[in-house]
Amino acid sequence: MIDTKNIDMELVKKLEDKAVEIRKNLCTFIYRIGTAGHLGGELSLTDMAVALYYKYMNYDPKNPKWEERDRLILSKGHCAETLYTIYADLGMYTMDYLVDHFETLETAVFSMHPNRKYVDAIEASTGSLGHGLSLATGLALGARMSKANWRTFCIVGDGELQEGSNWEALMAAGHYKLGNLVVIVDKNDLQMSGTTSETISIDPLDDKMRAFGFDVIEIQGNDMVEVCAALDSLPPADPVTPKRPICIISNTTKGAGVSFMENVVAWHAGSLNKAKWEEALESIENNRRVR
Amino acid sequence: MAAPVEVSLNFDQILSSAREVYGSELMKMADEGMEFAFVCSDNVAPSSTVGKFMAKYPDRCFNVGIAEANQVGMSAGLALSGRVVFSQVFGPFLPLRAADQIHADIAYNDVPVRLIGTHAGVTSGGGPTHNVIADLALYRAIPNLTVICPADANQCARIVRKSMTYPGPMIIRIARGAEPDVYADQNYEFEIGKAITIKEGGDLTLIGTGSAVYWALMAAKELAQEGIQAKVIDMHTIKPFDAEAVISAAKETGCVITVEDHSINGGLGAAVAEVLAENSIGCKFKRIGLPDKFAILGEPNEVYEYYGMAPKGVAETARTVLSKK
């Protein structure tokens with residue numbers, strides 16, 4: 001169990017409020033573009049993404065290519081709309097801009113899967129599953145070569161871990177003792193064919209990650225207290241000294257925050273009509289945690 | 001058209017290994033202060049020049065073991081951290097095993113990784129699992145990739161050096177090693193994407209790529225003894241493709257024969273056929289390469305002879321095609 005006794009509850013409340021706002025904006029974005037988003041996975045990772053972008057990543061939204069920034073690779077690229085929504089909230093785009101430039105052919109900037117050519121804040125174009133961990137391993141090695149103190153985060157889905165290439169990358173990251181790499185598994189236990197555990201189980205994931213040379217932190221990833229505790233516990237990103245890379249197993253709920261989506265596999269990908277959009281916003285508000 | 005460059009028409013079998021020579025070039029480049037990273041899978045002998053380079057510059061060299069998909073993705077990540085990356089892969093397991101990573105991580109991310117796929121074609125021996133016969137067909141369909149098949153080891157070294165300032169991702173496809181030098185004079189003009197005419201001739205055109213350039217030259221030598229003058233073109237760059245060189249050679253000689261250590265499907269021959277057809281160039285045309293089947297078992301030279309890819313076979317095909325001219 002993660003130690004949460006020294007957590008800054010003011011920070012937690014602030015981030016929880018932000019996560020509520022991002023969830024609402026995300027649903028509005030999906031409603032306004034009128035096409036399917038991957039809301040299930042996007043909502044499951046929202047708390048972690050909010051904590052990273054609003055507190056724990058060294059990051060300047062006014063200068064997304066700042067050399068010393070921490071890098072985030074979204075390996076589960078189909079959940080990019082969470083990131084777009086955060087970028088808009090951070091002032092990099094307006095919501096209207098997001099909507100007006102989503103898959104609009106000649107003028108498109110945003111797509112279901114993120115493209116670094118069009119969006120400065122995107123570190124790597126992703127979409128094909130099982131690629132992010134290799135990219136992140138390379139980035140972390142690059143930081144080591146430069147003796148740069150920035151850290152590489154990689155968000156990977158649990159179903160995605162069924163791709164064998166991940167384990168090649170984890171083996172390499174463990175071998176090279178990349179203490180500047182943090183792998184975050186958004187473990188919502190749902191994939192398109194049902195639960196991950198019943199499809200092809202990846203458990204026991206903590207044992208597997210330790211066997212591959214990682215230190216493991218396991219949390220409830222939709223509880224901001226535990227998210228903050230995990231990210232607070234990260235050691236400084238020393239690029240040079242060989243240390244065990246870190247894996248945060250973030251146990252989450254697919255569709256977290258929207259009651260009618262929670263743990264419903266159909267919300268892996270789906271669109272929102274007006275009624276469902278309004279219901280989603282109401283549900284997010286009703287699920288706001290009172291502290 | 002520039003004058004033909006000097007080539008080793010004596011063919012006294014000056015054997016050089018691209019794998020060795022490019023390793024020496026990496027060493028020279030690093031010694032000169034050039035910044036780049038090097039990644040390899042488990043196929044670099046410590047006694048080789050690449051091995052020596054890795055021993056001298058361990059902080060920039062990473063061995064990923066036997067894990068080609070991760071190697072390509074990791075190389076892309078290293079490149080995303082702001083540096084050119086040379087990534088040597090045992091060729092038989094690069095294009096097909098890591099195709100998704102080449103497509104998504106290297107090409108789609110448009111990063112300066114130079115994938116060096118060794119043991120091209122059937123040069124590794126060992127049967128069809130170890131043949132690299134579909135890679136050019138794959139690479140030609142992936143946007144952003146520059147695809148180069150050096151004709152000899154020294155040309156490979158030149159490409160490696162030139163690639164430091166070349167934008168975007170690149171595949172350098174090399175043979176197993178110990179292939180004959182094609183170019184006697186190393187000061188010839190070399191430009192990525194620009195074919196080199198290495199022998200003039202008006203009767204037919206032989207276009208080769210990679211180690212097949214040498215076979216084309218040898219065939220041209222044999223044909224010359226019979227009074228048949230073959231133009232020989234080194235099509236070292238498969239992408240971007242020098243269509244102009246093909247068009248002018250076809251118009252000039254009326255007969256084009258391609259030679260490659262690759263399946264006849266989708267490689268150099270296909271690229272040339274597309275250019276000829278789309279530009280309405282009528283001429284005699286024949287592709288020489290591996291047929292659309294898993295190759296017969298044998299040593300590389302035996303396989304080449306069996307399928308008519310070796311110089312004698314190329315010359316024989318040329319005679320047959322010319323007889324119908």
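Protein chains get the first letters and strands the later ones, always in sequence-line order, with residue 1 at the start of each.
For residues 49-75 of chain A, heavy-atom neighbours of chain B at less than 4.5 Å comprise no residues at all. The stretch residues 154-187 of chain A places A/Ser165, A/Glu168, A/Ala169, A/Ala172, A/Tyr176 near chain B, each with some heavy atom under 4.5 Å from a heavy atom of that chain.
Heavy atoms of B/Glu68 lying under 4.5 Å from chain A belong exclusively to its backbone. Contacts between B/Arg83 and chain A at a heavy-atom distance below 4.5 Å involve the side chain alone, from C-beta outward. Neither the backbone nor the side chain of A/Thr152 has a heavy atom closer than 4.5 Å to any heavy atom of chain B.
In this structure, NE2 on A/His131 lies 4.0 Å from CD on B/Gln101, to the nearest 0.5 angstrom. Annotation: the span from B/Tyr108 atom OH to A/His113 atom NE2 amounts to 9.0 Å, rounded to 0.5 Å.
Residue B/Glu32 places its CD atom among more than 12 non-hydrogen atoms of other residues, nucleotides or ligands, all under 6.0 Å distant. Crowding of A/Met192 atom CE: a count of heavy atoms from other residues, nucleotides or ligands under 6.0 Å not exceeding 12. Counting heavy-atom neighbours within 6.0 Å of B/His103 NE2, excluding the residue itself, gives a total of 12 or less.
Between B/Ala76 and A/Leu135, the shortest heavy-atom contact is CB-CD2, 3.6 Å. The minimum heavy-atom distance between B/Phe36 and A/Met145, with the atom names listed, is O-CE, 4.0 Å. The minimum heavy-atom distance between A/Ala124 and B/Leu80, with the atom names listed, is CB-CD1, 3.7 Å. For the residue pair B/Asn109 and A/Arg116, the shortest heavy atom distance occurs at O-NH2, 2.7 Å.
At a threshold of 4.5 Å between non-hydrogen side-chain atoms, the residues B/Met74 and A/Leu141 count as touching.
Your options are B/Asp59, B/Val72, B/Val64, B/Asn63, and the one with the most heavy-atom pairs under 4.5 Å with chain A is B/Asn63.
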